[in-house]
Amino acid sequence: MANDSNRFQAIISHAKEYGFVFPSSEIYDGLQAVYDYGQWGSELKKNIKDYWWDSMTRMYENIVGIDAAIFMHPTTWKASGHIDNFNDPMIDNKDSKKRYRVDHLIETWAEDKAFSFKTKKVYPEHLKDVQGFMDERIDIPNPTEGNQPSDDAQKAKSVLEEMDKLLAKDDFVGLKKLIEENDIRCPISETCNWTDIRQFNLMFSTEFGSTVSSEDEDNKVYLRPETAQGIFVNFLNVQKTGRMKIPFGIAQIGKAFRNEIVARQFIFRMREFEQMEMQFFIPPGTQKKWYEFWKEERMKWHLGLGIPKENYRFHNHVKLAHYADAACDIEFNFPIGFKEVEGIHSRTDFDLKNHQEYSKKKMQYFDNDIDPATGKPYGNYIPYVIETSIGLDRMFLLVMSHAYEEQDLSTAEKQDSRVVLKLPNKLAPVKLAVLPLVKKDGLPEIARKIMDDCKSSFRCFYEEKDTIGKRYRRMDAIGTPFCVTVDQQTKEDNTVTIRYRDTMQQDRIPLSQIKEIVSKVIL
RNA sequence: GCGGAAGUAGCUCACCUGGUAGAGCGACAGCUUCCCAAGCUGUAGGUAGCGGGUUCGAGUCCCGUCUUCCGCUCCA
């Protein structure tokens, strides 16, 4: 474990030292949980994007891409459930250091009260289920003979009603008073020693001029917490203009923003991050089949990079998000342990249905295909959705983690070591380094010709400084798979030495084959 | 949020009991090198996270603050 932690630190240092990832605004002491990608990091990131984008939009003929705006109409987030589910006031117990959602704290307390009500056997016959009673907030019936609700149950009900009122007004002072007056204690510490109530907003918001709404307070717009909604609101646009037939998918790569309560662990959990999402629209009732299909397809994509299977695993969600009827993560064995890199969710028709409700626009698809069971067209329905959502930054970290290797190359005579990034060839920021063995005797000129020949096909890097060994090692450190070295012999027979990053082996090849050899492995 | 540790050149660190900063690597320039880092010469680069205090004098002591790391907690 300690070793893994060191390894993680080493990767972070390496990422900074070699221009992959810098802390944001570092000269001002940084900005917590925000990072910038440097000269090689941006290349690597772009290559990961391309690998994903091309595999989605080219390899599947029924998937198209979009690029939706980060700003969306505020109602989007009401429909998606983000406002109701992620804008909760929180309170901390000073003794146990536990943090609670205020509504959960009070509801749990109220449930306990109701339970005592039940155990006192004055539970009304028609209220079979206490949980249901609490959820529905059903009015307690007028007391009838032998069926007296307890004072506790009455109390629970009135506190909940009061809570709803206060929540609606965002009256945090009142809520805290309510907690204290009813002696609602922390289940862990059993004390009533609470901090003030604070609002934790998952979503970032910003001002949007004054034209969004005539309502005074409604010029607030959010920075999207997920890219998916940009796809959902464009579902009909794409379906109609692209003449898409279900099943089909819409892919998108873009930034999303979340206010994490604790945001650490390098680029694993950032406030501003990038998602690669694909929403796949399907007929209702077929979600199990497609969910399994996409689980398999996505794993294939990962394994296509040549990263061994044992580094991956599926983690099935037991507790599901408000929009899902099945969900799993693809987890990778990072140096900090197995962590989620991608989620595959069966989102049902939750999103489209809600957008239909809030927007009053039909989100239906007319399916002309014949249902073999009835011999008639399937007709109108709101499609179900399978989502695949991968964190680009996490994928970046995954690739770096897997590629990073410290090697001891010591021999009996000499101590030696190197740090090499064994990046998949197609993701490497630089594909080919062109190195004149010495910077005289016309060698640089030949090397420049190789550069001119290759640089339009893939990214090349020219360097004539320092000893050849040093230059090789520098290329290892940024994961360049090939180096070619021009020497005196090149002038005689037009061959160069090609040196492979992973094996450090060298071959003599004709100058004319360089482009072909490199091109072949980076596609 | 809590506890612990740390913040000195690009990086890793040194300056022990206070007297106005050093090394290695790296970078740059040149030399040497015909194939895997640490051969030679030269140059540049720090007012010691930031603010305040004690002192004749502080990187070195005290306080505050910010940031990072480790552990716990929390969130998902």
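Worth saying up front: this structure is predicted, and the values here are computed from it rather than measured. Order of the sequence lines sets the chain letters (A, B, ...), proteins ahead of strands, with each chain counted from 1.
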By side chain to side chain contact (heavy atoms under 4.5 Å, CB included), A/L303 pairs with (sequence neighbours left out) A/M299, A/K309, A/Y312
Ignoring hydrogens and angles, write down the donor-acceptor pairs under 3.5 Å from the side chains of residues 14-26 of chain A, residues two or more places apart or on other chains.
from, atom 1, to, atom 2, distance (Å)
A/H14, NE2, A/A477, O, 2.7
A/K16, NZ, A/E26, OE2, 2.8

Exercise. Taking the six-membered ring of A/F314, is NZ or CZ of A/K295 closer than 6.0 Å to its centre and within 45° of its axis?
Worked result: yes
Sorted by chain and number, sequence neighbours left out, salt bridge (charged side-chain N to carboxylate O under 4.0 Å, His left out) with A/E226 holds for A/R347
Task: Separation between the P atoms of B/rA58 and B/rC69, rounded to whole Å - done: 33 Å
Contacts of A/H317 meeting side chain to side chain contact (heavy atoms under 4.5 Å, CB included) (sequence neighbours excluded), chain-then-number -> A/H315, A/L320, A/A327, A/D329, A/H345
Those stems involving RNA chain B that have three or more consecutive Watson-Crick or G-U pairs, both distances under 3.5 Å, are B:1-7 with B:66-72, B:10-13 with B:22-25, B:27-31 with B:39-43, B:49-53 with B:61-65
Taking A/D466 first and then A/R474, would you say they form a salt bridge - that is, a charged N and a carboxylate O separated by under 4.0 Å?
yes
Open item on the list: Within the 3.5 Å criterion, strictly below it, is a donor on A/T76 or A/Q229 matched to an acceptor on the partner's side chain?
Closed with: no
Closest non-hydrogen contact found for A/R224 with A/A68 is NH1-O, 3.2 Å
Are there any protein N/O atoms within less than 3.5 Å of an N/O atom in nucleotides 68-70 of chain B, and if so, which ones and at what distance?
from, atom 1, to, atom 2, distance (Å)
B/rC69, O3', A/Q9, NE2, 3.2
B/rC70, OP1, A/Q9, NE2, 2.9

Please work out if A/S417 contacts a base, only the sugar-phosphate, or nothing of the nucleic acid, heavy-atom cut-off 4.0 Å.
base
Closest of B/rC35, B/rA37, B/rC11 to the A/I468 side chain is B/rC35
Rounded to whole Å, the NZ-C1' distance (A/K339 to B/rA76) equals 11 Å
* Asked: Are OP1 or OP2 of B/rG30 and a side-chain N or O of A/K465 less than 4.0 angstrom apart?
  -> no
Inset, instruction - With C1' as the reference atom in both, quote the distance from B/rA23 to B/rU8 in angstrom, rounded to an integer. - result: 13 Å
Heavy-atom closest pair (A/T388 atom, A/M56 atom, distance to 0.1 Å) is OG1-CE, 3.8 Å
Taking only the side-chain nitrogens and oxygens of A/K470, find out if one of them lies under 4.0 Å from OP1 or OP2 of B/rG26.
yes
Item to complete: Return no unless some side-chain N or O of A/R474 is found under 4.0 Å from OP1 or OP2 of B/rA27.
Response: yes
Among B/rA27, B/rU33, B/rC35, the one nearest any side-chain atom of A/Q506 is B/rC35
